[in-house]
Amino acid sequence: MPREAEPSLNERAFVVQALQEGLRIDGRAFDQYRNLELKFGDQYGVADVTLGKTRILAKVSAEVTVPYVDRPFDGVFTITTELSPMASPAFEVNRPTETEILLSRLIEKTVRRSNALDTESLCLIAGQKCWSIRVDLHVLSHDGNLIDGSCFAVVAALRHFRKPDTSIEGEILTVYTPAEREPVPLSWLHSPFCVTFSFYGEEGDIVLLDATLLEEQLRVSSCTISLNKHGEICQIAKLGGTPVEASTLLQCTNVALQKVKEFSTLLDQKLAADSKRRDKGGLLAELSAENER
């Protein structure tokens, strides 16, 4: 299996010494993210996220299907990740690496198991028909911190997505095209985001946010904290590595909360700007005003 190119001994010594002196290679502060950009596609449910040189694309699709036998009142919600050789030479098609498996599981726990999406609202006819919402996650360029970027892309795409409107008469289900009826947004409960910390030094006392690929290869441990802007923690994933003091983890959760609030604000602004761009001539505002009258 191909492996990522290892940093040379000189690179290792240089980066570690710089961190001990309080410096990062790209000049950022220890708790500073790279420039985070979010663009929405022409279709609903397409989010393109750029975090430094890391680029991730998330696309949401919906289809009518049969619910699971043990969950007759719930819809189906799945997230699939794809790390192709285009993102990094270390990835192969149809051969999931450890990075891909961890990424998939962390996003799954953060978004799906925290009930961010109300799956009961996806039910159409109990036990017979429901919506199946699928998120396809494509990593286009890999330069570190895939987890945070991927989680942001998934949440952004789901909040931007609109599913076709439906009506039910007896047992007959009618799905309307966008031309017939305005598509409706998903029932969204809260927006969880991932914040990943990397630890350096023999005792893991140097903490970095948003590590680049080079910094990730040199860290002694990492911890991913998933929470929403209200401070409700969905998960804390510390998968091996050097042990970290409890007090350090508590400080990390406080920093994570501040970053998540910034993510939420950025996403709300981008969604509002996209909605305004699509509503040419203020047609939706006029219609809502008519309804209020």
Side-chain angles (χ1 to χ4, degrees), residues 33-62 77-83 87 103-119 121-122 131-163 183-196 209-210 224-230 232 234-235 256-279:
Y33 267 82
R34 288 168 288 178
N35 189 31
L36 178 63
E37 293 182 9
L38 168 64
K39 295 176 184 172
F40 293 114
D42 293 332
Q43 276 183 296
Y44 280 118
V46 178
D48 186 350
V49 172
T50 308
L51 186 60
K53 290 182 181 176
T54 299
R55 188 177 173 197
I56 297 142
L57 182 75
K59 185 178 188 306
V60 185
S61 55
F77 176 38
T78 52
I79 301 171
T80 58
T81 57
E82 183 197 9
L83 301 183
L103 173 66
S104 180
R105 286 181 181 172
L106 284 171
I107 301 296
E108 186 98 348
K109 285 180 183 175
T110 302
V111 181
R112 200 169 71 87
R113 295 193 189 174
S114 69
N115 293 325
L117 178 66
D118 180 15
T119 51
S121 67
L122 302 176
W131 282 111
S132 172
I133 303 294
R134 170 180 163 144
V135 185
D136 288 294
L137 195 65
H138 302 279
V139 176
L140 305 178
S141 176
H142 175 28
D143 187 35
N145 204 8
L146 286 181
I147 295 171
D148 296 10
S150 298
C151 185
F152 188 80
V154 168
V155 172
L158 283 166
R159 286 191 57 188
H160 184 248
F161 183 65
R162 301 285 186 274
K163 68 179 191 294
V184 291
L186 299 172
S187 179
W188 193 251
L189 301 179
H190 68 111
S191 296
F193 297 100
C194 292
V195 180
T196 302
L209 259 180
D210 185 26
T224 299
I225 300 173
S226 305
L227 70 167
N228 58 28
K229 66 179 180 181
H230 306 297
E232 298 165 339
C234 305
Q235 69 154 354
L257 179 57
Q258 295 304 317
K259 296 298 176 186
V260 164
K261 286 180 178 176
E262 291 174 18
F263 289 161
S264 293
T265 305
L266 173 66
L267 180 54
D268 290 342
Q269 288 172 349
K270 292 287 185 181
L271 285 167
D274 183 76
S275 177
K276 193 173 180 181
R277 178 178 67 86
R278 289 172 185 274
D279 181 22

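Side chains are part of it too, since the values below use all heavy atoms of this structure and drop only hydrogens, waters and symmetry mates.
For Ser104, the side-chain contact (heavy atoms from CB on, under 4.5 Å) partners two or more places apart in sequence, or in a different chain, are Thr81. Pro185 meets the side-chain contact (heavy atoms from CB on, under 4.5 Å) test with Arg162; sequence neighbours excluded. For Asp48, the side-chain contact (heavy atoms from CB on, under 4.5 Å) criterion is met by Lys39, Thr50, Arg55, Leu57, not counting sequence neighbours.
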Self-check item: side chain to side chain contact (heavy atoms under 4.5 Å, CB included) assessment of Leu122 paired with Leu117
Solution: CA-CA 9 Å; Leu122 302 176; Leu117 178 66; 4.2 Å; yes
Quiz prompt | Working for side chain to side chain contact (heavy atoms under 4.5 Å, CB included), residues Asp210 and Lys259 | solution = CA-CA 11 Å; Asp210 185 26; Lys259 296 298 176 186; over 6 Å; no
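Taking the ring centroids of Tyr44 and Phe161, they lie at or beyond the 6.0 Å cut-off. Aromatic rings from Tyr33 and Phe152 are positioned such that their centres are separated by 6.0 Å or more.
Smallest separation of non-hydrogen atoms from Thr110 and Gln235: OG1-NE2, 3.1 Å. Contact between Ala153 and Leu137 at its shortest, heavy atoms only, is CB-CD1, 4.4 Å. Residues Asp42 and Arg277 come closest through the heavy atom pair OD1-NH1, 4.5 Å. Counting all heavy atoms, side chain and backbone alike, Arg278 lies closest to His160 at NH2-CE1, 3.4 Å. Nearest heavy-atom pair, Pro192 versus Val155, reported as atom, atom and distance to 0.1 Å: O-CG2, 3.3 Å.
Ser275 contributes no side-chain N or O that, together with a main-chain N or O of Leu271, makes up a donor-acceptor pair within less than 3.5 Å.
Proximity of Leu186 to Trp131: side-chain heavy atoms (C-beta onward) are nowhere separated by under 4.5 Å.
Between Asp136 and Lys59 there is no salt bridge, since no side-chain nitrogen of the basic residue lies less than 4.0 Å from a carboxylate oxygen of the acidic one. Between Lys276 and Asp274 no salt bridge is recorded (no basic side-chain N to carboxylate O distance below 4.0 Å).
For the atom pair NE2 of His190 and CG of Asn115, the computed distance is 7.0 Å after rounding to the nearest 0.5 Å.
With respect to Ser191, the side-chain hydrogen bond (donor to acceptor under 3.5 Å, both in side chains) criterion is satisfied by exactly one of Arg159, Lys229, His230: Arg159.
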